Structure formats: C-alpha cells, structure tokens
Amino acid sequence: MALLQNNFPTFMQGFGYTLLSSLIALVGSMILGTAFAIMQIVPKKWVRKVGNVYVQVFRNIPLLIITFFFFLVVSKYVKMSGFMSGTIALMLYTSAFIAETVRAGILSIDGGQMEGARANGLSFAQAMQYIILPQAFRVALPSLGNQFINLVKNSSILAFVGGLDLMYQGNMIAANTFETFSTYIIVGILYLIITLPLSYYMQHLERKLKHAA
Amino acid sequence: MSMIEFKNVEKYYGNFHALKNINLKIDEGETVVLIGPSGSGKSTLIRTVNGLEEIQEGQLLVNGFDLHDPKTDMNRIRKNVGMVFQHFNLYNNKSTIENVMLAPRLVLKRDEAENKREAMALLEKVGLADKAANMPSELSGGQKQRAAIARSLAMKPKALLFDEPTSALDPEMIGDVLDVMRDIAKDSSMTMLVVTHEMSFAKAVADRVIFMADGEILEDSSTKEFFENPKEERAKQFLSQVADH
Ligand SMILES: Nc1ncnc2c1ncn2[C@@H]1O[C@H](COP(=O)(O)OP(=O)(O)O)[C@@H](O)[C@H]1O
Ligand SMILES: [Mg+2]
C-alpha cells in the first residue's frame, strides 16, 4: 500500500497514457479496419487487392516490429514521440484484425440485403452505412470485444519506446523501489480496471442488441 | 412509349449462355407475365432490367436509358424501377415503416413528415398499418412480401419487377399478396413485369405472356391467345404441367 501511495502520481500518469493510447488506437482502428474491410469486398479487383495486402502485412508482423519501425525509421522523417509511434503502430496492427472481423461480419449478412437496398435505389455506400454495416457489427460484436481487450493489453508495447504508459511507469517504479512483485501486481490491477468494464460493456451491448432484433 | 426494350441482348455467366438474343418490348402501363421452367433464365432476364445483372451484348433501354452504356447512372434507373424478390429482402435491422421510409428519405430527400404520411398510407393499402413498428422478423411471409411491395411503391417507380413474389409463401398467404399486386396493376400508368407460376393471376391481370426456355423467348403473345392457343410445343407442355399443381 505504501508503494502505491508513494508512487501514486506515476501510476496515475501511466494509467492515463495507457487509457489515452487505447482510446486513440481503438477509434482509429475501428475506422481503418472498417474501411479496409469494405475495400476487400467491393467489385473493383485492384481495390480488393490493396485492402488484402494491407491486412496481410499488418496482421502478420509482430506489433513490436511495427512499433520500432515508427519509432526508429518513420520518426527520422516525421517528428513523433514514443507515445505517438506506439499508438500509431497499435492502431494499424489492430485495424488489420478488425478488418478481418468486420469483413467476416459483412460476408455473413445475406446477399439479399444488399440487393434489396440497391434495387430500392440506395447507392453502395448508403446500403453499407444503413443496412449492411449495422448488421455486420452486431454479428462481429463478440469478436470485436476480444480485439478491444487485446488492444488495451497490447498498448503495453509503448513501454519499449518510452511511451510513458502503465507498463513503462511500472518498469520505472520496479527498478527504483526493487519491489518488483508488488509493482506488477498493482500494474495488473490497473489494467483490469480498464479491461473488465470494457469486457462487461461489450457483453451488455451484445445482450441488448440480441433483444433489439 | 416503351418502358423496357431489349434489342438482341446476350447475357453470359462465364461461359454459360444465360440469355440468348432477347428481343422484347414492354410499353408504359403494360402488365407482362414471364413464365417458363426453372433455370430458363427468368430471374436473369428480370434482374438485367434494374442492372442487378450486366448484359454482354445488345441494347437494353429502360425508361429511355441504355443500361449497357457505361455512362448510364444505374442509381437513377433504380429510382424509377422497383423490384420485389422471392425472399423479400426486407432490411432486417429496420422496422416495417422504416423499411418503407428509408429510400425515399435517402434517395429522394422526401420531407420527413410527408414521408411518414405516405409510408403509413402505403402500409394501410397493403394491410399492414398495425405492423408499422414491428421488425421484419416479427412478420409472416405474406406480411413481409406486402411490406416489400409497399417499400417499392414508396419510391413512386414507373415500373415494378416481381421475381416469383409468392413462391416462398405458404398457400394461405398467397392470395393477399396477389390481391395487392392486382391493385397495382389496375393503376394504368404502372408498368409491371412479373415472373410467376400463378396462372390464374396471369390470366386475370396480364396483358401479355412471355414464355421462356433455355435462355430464349419462345413465345410472346396476348394473354388470351397464350392460354387458349399456345403455339410452341414447350409452352403447351409447360402449361399442362403447372395445371397439374
Ligand atoms: N450468378 C450465376 N452464375 C452462374 N450461373 C447462373 C447464375 N445465376 C443463374 N445462373 C444460371 O443461369 C440459368 C438461368 O437461371 P435463372 O435466371 O435463375 O433461371 P429461372 O429464374 O428461370 O429459374 C440457370 O442455368 C442458372 O444455373
Ligand atoms: Mg428464378
């Protein structure tokens, strides 16, 4: 307890950065992931190809490598902090998994939904926005929940590039106080404070949407 | 004026020749029934009319626009040509009235109050006023199909395409759907192209009957002529088969 009290501001700073990084990466990866999911199902072949290459690249490289790529290579040309490098890497990496999840969700929706919409006069984009994606997200919800929780945990990658996150601060405190075990217990609990409510919220959403239709 | 006109149209699925030299003219306000054995290309033909299937050769004029011309705006065609499917294809994430209101709101930018008024009037017309707030999953097959018809009508199309609208329905549901279609056919300005196996409907409502087999139009006659004196052997055969049911 004394450990927590003495290092409270540091723990809280780490908690804040982890939360911030996760939030940015979550919103960004949802947008990118959805975009690349759609790219992989449009009629134009080259667009599908681009979408597929993106997903394959970011899904099949370790997150740490992507993080170092931004921290060591990209930062030479575009000024960015460790926090930024890690967050962008996390966003791109997660977006590849979300793209696959959303794509599978879209493909699970009966083709008649798109045909009905197009025949009714809606454009492809309108049909996606109002008919296909809402149904696809509902199908994908359990899997998206997993991605979000992985994302929060994976944000610990920031520690490798001085990203000021929870893991990074935990490492610092452990090194300074030599109370390694207690420090990481506290770090673990702080991660749970983010991931457990997220997990419950996703379950709640699942139940709610199941009853909605 | 002709609403739909096929001129030497050819359609292939890969190497498979699905529509062979189709020539067909349907005038504004006409009700035409398209019949033929399963796999003869009825769905393919009707789906080319609103661009759900592309054609490879020939000309297909709908409301004056050539669908085979890449410059033709398909969304504009679809505003004027509605389609009713065998499996309804209602929006599963929208209530009945939202199914009817969505396209007029997004595509025609219809005023919201007017949109709602017209949607309610249409649901009234197809006998679904009390189901306006229900989700499609809460409707019977016949109710779903009537909702789908209301959805098509809400766009105030010039032509309506029906692809076996009663084939997926329990027998006791078919009558209500056919009644609604009969009502629409009475509107003299609406062009209707209907694929169906309901011969009594064809006899009562159609101006003309088209008979297809193996991707070709074998017979194109007035309704009376077709049923009383079919010219083609295949058509006679087909008629005796559906009469057995
Ligand atoms: N998307 C498709 N790809 C390949 N072949 C198809 C496709 N759709 C239909 N066909 C083939 O085209 C022929 C005509 O089909 P269809 O128009 O559905 O016939 P009908 O509606 O008269 O039963 C059939 O032999 C069918 O197998
Ligand atoms: Mg068919």
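Chain letters run A, B, ... following the sequence lines, proteins first and then strands; every chain starts at 1. All of these numbers come straight from a predicted model, not from anything done at the bench.
Of the two parts of B:V81, only the backbone, made up of N, CA, C and O, holds a non-hydrogen atom closer than 4.5 Å to a non-hydrogen atom of chain A. Heavy atoms closer than 4.5 Å to chain A are found in the backbone of B:L90, but not in its side chain.
The two atoms that bring B:R151 and A:G116 nearest to each other are NH2-CA, 4.0 Å, heavy atoms only.
Your options are A:G111, A:P134, A:A117, A:S123, and the one with the most heavy-atom pairs under 4.5 Å with chain B is A:A117. The candidate from B:G82, B:S95, B:A103 with the greatest count of non-hydrogen atom pairs under 4.5 Å with chain A is B:A103.
Using a 4.5 Å heavy-atom cut-off against chain A, the contacting residues of residues 35-62 of chain B are B:R47, B:N50, B:L52. Residues of residues 112-133 of chain B lying under 4.5 angstrom from chain A, judged on non-hydrogen atoms, do not exist.
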Q: Give the C-alpha distance, both sets of side-chain angles, the deciding distance and a yes or no for side-chain contact (heavy atoms from CB on, under 4.5 Å) between B:R78 and A:N120.
A: CA-CA 7 Å; B:R78 292 190 181 118; A:N120 202 197; over 6 Å; no
Q: Give the C-alpha distance, both sets of side-chain angles, the deciding distance and a yes or no for side-chain contact (heavy atoms from CB on, under 4.5 Å) between B:Y91 and A:L122.
A: CA-CA 12 Å; B:Y91 307 138; A:L122 271 60; 4.2 Å; yes
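The closest donor-acceptor contact from the side chain of A:Q113 to the backbone of B:N92 lies under 3.5 Å.
Between atom NZ of residue B:K94 and atom CD of residue A:Q135 there is a gap of 9.5 Å, rounded to the nearest 0.5 Å. For the atom pair CG of B:L102 and CD of A:Q126, the computed distance is 8.0 Å after rounding to the nearest 0.5 Å. With values rounded to the nearest 0.5 angstrom, A:Y130 atom OH is found 8.5 Å from B:R105 atom CZ.
Within a 6.0 Å radius of CZ in A:F160, no more than 12 heavy atoms belonging to other residues, nucleotides or ligands are found. The environment of A:F148 atom CZ is dense: over 12 non-hydrogen atoms of other residues, nucleotides or ligands sit within 6.0 angstrom. Applying the 6.0 Å contact sphere to OH of B:Y13 captures more than 12 heavy atoms from other residues, nucleotides or ligands. Atom CZ of B:R76 has 12 or fewer neighbouring heavy atoms from other residues, nucleotides or ligands inside a 6.0 Å radius.
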